[in-house]
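Protein chains get the first letters and strands the later ones, always in sequence-line order, with residue 1 at the start of each.
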Amino acid sequence: MSEIKTQKITFKVFRFNSETDYLPNYIDYELEVTHEEVVLDILNRIKWGMDGSLSYRRSCRHGICGICSVKVAGKAILACKENVLSLVAAFGTELVIEPLSIKRAMKDLIIDKGDFWSKHDQIKPYLISEIEEYPETENLVTPQQAEALNEADYCIQCGACHYSCPALEINEQFIGPAAFAKAFRFEADVRDEAGNERLNIINAPEEGVWDCVKCMECAEVCPKDVNPIEKITQLHNMVFSAGVAKNNIATRHAVYFKDSIAKHGQLNEAGLVIYSEKGYGMYKHLKVGARMIAKGKAHINPFIVPKSDKMDEIAKLVKSSSSAKF
Amino acid sequence: MSTLKYALFTGCTARQSTPEQMMSTMAIAEKMGIELEILEEATCCGASHLQDFDDFLSLVLNARNICYAEKRGMTMVTICNTCQLNTMMTKRRLDKDPELKARVNEKLAEVGLEYKGESEIKHFLYAIIDDFGLENLKKMVVKPLSQFNIAPFYGCHNIRPSEIHEESNGHENAYAPRSLDDLILACGGVSVNYAEKNKCCGFHAELQAPHTAAVLTGNAIMGAMDNNADWMVTPCPLCHLKLDTQYEHASKAVGREVKLPVLHMQQMIGLAFGISGKELGLQHHVSEVNFV
């Protein structure tokens, strides 16, 4: 029998006790790692063989309970799913293991996930429906109707996207990708009768979908391939199709692309700002605009826009392909 | 090496707010013997916003753009990360969903076009690395940028989601990207490592969420400054615009003066090739380029 190959890896593990410590510290653990081991194996080996005081959450060990998520080298992962040597290939032989959110650390890798749950609570994460108390038949959902959920129901609420979202990091009012995906999951459910109730929540300025910065991190980080940004786009579409889109800077910003393309083929960049700001909001951009004009980055006349070739064709396509209303 | 020929999808920004990006793209392509045929028929890609309003229209327009690269039998090269993402996202969705592709083609047929899915779509950064080769690029460097610490700023839409990009971006790891660092090294520069290099600049939320956007911009420039960068370089004109023009809002948001020159990747290559700053459009920057 051949010997199992191992590689020596240093794990720098975040240690902190919110009840006794003022600042966290990082403790190095050196371990020989095999190609089969996942991050959770390492945490278990540290706890059981090296330092019993290490705290972290673990449960199913099969990537379905969502409890063991941590950050390794800044990347949010499920500890029970992520192979250590694949992390080594990307980040080198010294791996920093931290809680999902350092500012929410309670004990070592355990965080207070209260904000995560309150965001879920906010979007009413349940079927809103008049259900007969004593139904005589099952409530049937066809396979096609179930497909409309677009795998949003695969979410295991691990918090990887929530605690990787830069918009949420800055604006704590923002609902965030996980709760948006959950909102979509119920909005897309044929049995749901929430009407505009839930859409109005995710449509609110500062809290809702409009504050997404489109960094695609939630799609990248999700260990279950839920692709929250895709659901956020679908929620945007639902807001328009349900007719609850308010006439505000964010909606005008999205709508203007169509108008500009129909007219110029290109986006009129200055026009986009003027239209979104409804003219009078332009005072915010005068200084930057003046600098851009001075440097030849913008034209003094915002209505001079380069045009695509074949404008007839473009205008025709926009007209025949577009059904969205604002 | 046979001549490299691409269909160039300029996007809107290179024709409007970043004329220097167009100038420098053409200048280095000429030096490198790369033929770029501009897709004059192409429309705006929708910039990740049109699909929020009208997803199907966004698909039709992006598919149409690809059609014109297919007609020329060429790989489409983009010079904007967001154009790359939107075009690639359309291609992925149509290639894996025959029903959706048929619906889009029904519309395209009205103007005599058909999306086939034959053209590759690559950002110029990866065309340079994969097709031209950094070794060949190194041979052309006459003014190595060895006196500069250069902070690479990757831009979200070239690296995430990696599932969409992996075939066109050399399987770049979104958490530990290498391409732009390698390009800096090939130009003789010193690449600066900092936490924000693969983070968001905030561009897409600038109007809707100005505070969030300004903090992101501030964090990015601050990260580069704190790691001794002399300037930043980016393959994305939208990142460039945000970092180059919005330093005042960013400074206010992070409570500290943040400002650095932000070059387009093409300008960096051009400088290493010995092309003049004027030809590369350095005079068009709002955060003045004061080192050339």
Can you tell which part of Asp244(B) gets under 4.5 Å to a heavy atom of chain A, answering side chain, backbone, both or neither? side chain
Taking side chain as everything from C-beta outward and backbone as N, CA, C, O, which of these in Leu59(B) sits under 4.5 Å from a heavy atom of chain A? Side chain, backbone, both or neither. neither
Could you check which of Gly281(B), Ala174(B), Pro161(B), Ala205(B) has the highest count of heavy-atom pairs closer than 4.5 Å to chain A? Pro161(B)
What part of Leu241(B) gets closer than 4.5 Å to chain A, counting heavy atoms only: side chain, backbone, both or neither? side chain
Max heavy-atom pairs within cutoff under 4.5 Å with chain A, candidates Cys45(B), Ser48(B), Ala47(B), goes to Ser48(B)
Where on Thr13(B) is there a heavy atom nearer than 4.5 Å to chain A: the side chain, the backbone, both, or neither? both
Please check: side-chain N/O of Gln51(B) versus main-chain N/O of Thr233(A), any donor-acceptor pairing under 3.5 Å? no
Counting heavy-atom pairs under 4.5 Å to chain B, which of Ala73(A), Ser322(A), Ser276(A) comes out on top? Ser322(A)
Counting only heavy atoms closer than 4.5 Å, note whether Leu61(B) contacts chain A via side chain, backbone, both or neither. side chain
Do Val318(A) and Thr43(B) make a side-chain contact, defined as non-hydrogen atoms from C-beta onward lying under 4.5 Å apart? no
Ignoring hydrogens and angles, tell me if any N or O in the side chain of Arg160(B) forms a donor-acceptor pair with the backbone of Cys215(A) under 3.5 Å. yes
Within the structure provided, determine whether Gln266(A) and Gln16(B) are in side-chain contact (heavy-atom separation under 4.5 Å). yes
Before accepting this row, confirm whether a basic side-chain N of the pair Lys199(B)/Glu169(A) lies closer than 4.0 Å to the acidic partner's carboxylate O. no
Let's test your reading of the structure: which of Asn171(A), Leu272(A), Val255(A), Val221(A) forms the most heavy-atom pairs below 4.5 Å with chain B? Val255(A)
So do the side chains of Ile314(A) and Glu41(B) get within less than 4.5 Å of each other, counting heavy atoms only? no
Out of Ala167(A), Gly281(A), Pro306(A), which one racks up the most heavy-atom pairs below 4.5 Å with chain B? Pro306(A)
Under 4.5 Å to a heavy atom of chain A? For Glu288(B) that would be side chain
Non-hydrogen atoms of chain A under 4.5 Å away: do they reach the side chain of Asp52(B), the backbone, both or neither? both
Are the charged groups of Asp54(B) and Lys325(A) less than 4.0 angstrom apart, N to O? no
What I want to find out is whether Lys297(A) reaches Glu20(B) closely enough, with some N-O distance under 4.0 Å, to be called a salt bridge. yes
Sort Leu113(B) into side chain, backbone, both or neither according to what part of it lies under 4.5 angstrom from a heavy atom of chain A. side chain
Are any non-hydrogen side-chain atoms of His249(B) and Lys287(A) less than 4.5 angstrom apart? no
Using a cut-off of under 4.5 Å for heavy-atom pairs, which of His253(A), His236(A), Glu269(A) has the most such pairs with chain B? Glu269(A)
Measure Gln283(B) against the heavy atoms of chain A and call it side chain, backbone, both or neither at under 4.5 Å. backbone
Full working for salt bridge (charged side-chain N to carboxylate O under 4.0 Å, His left out) between Glu230(A) and Arg93(B): CA-CA 12 Å; Glu230(A) 186 186 55; Arg93(B) 284 174 65 187; 5.8 Å; no
Is Phe257(A) close to Cys44(B) at the side-chain level, that is, under 4.5 Å between some pair of heavy atoms? yes
Please list, chain by chain and in numerical order, all residues satisfying ring-ring contact (aromatic ring centres under 6.0 Å, His included) with Tyr275(A), sequence neighbours excluded. Tyr256(A)
Below 4.5 Å, heavy-atom pairs only: which of Ser321(A), Gly265(A), Ser323(A) has the largest tally toward chain B? Ser321(A)
Residue pairs fulfilling salt bridge (Lys or Arg N to Asp or Glu O under 4.0 Å) with at least one residue in residues 306-317 of chain A, sequence neighbours excluded: Glu313(A)-Arg64(B)
Between Ser308(A) (side chain only) and Ala42(B) (backbone N and O only), is there a donor and an acceptor less than 3.5 Å apart? yes
Min side-chain heavy-atom separation Met216(A)-His157(B) under 4.5 Å: yes
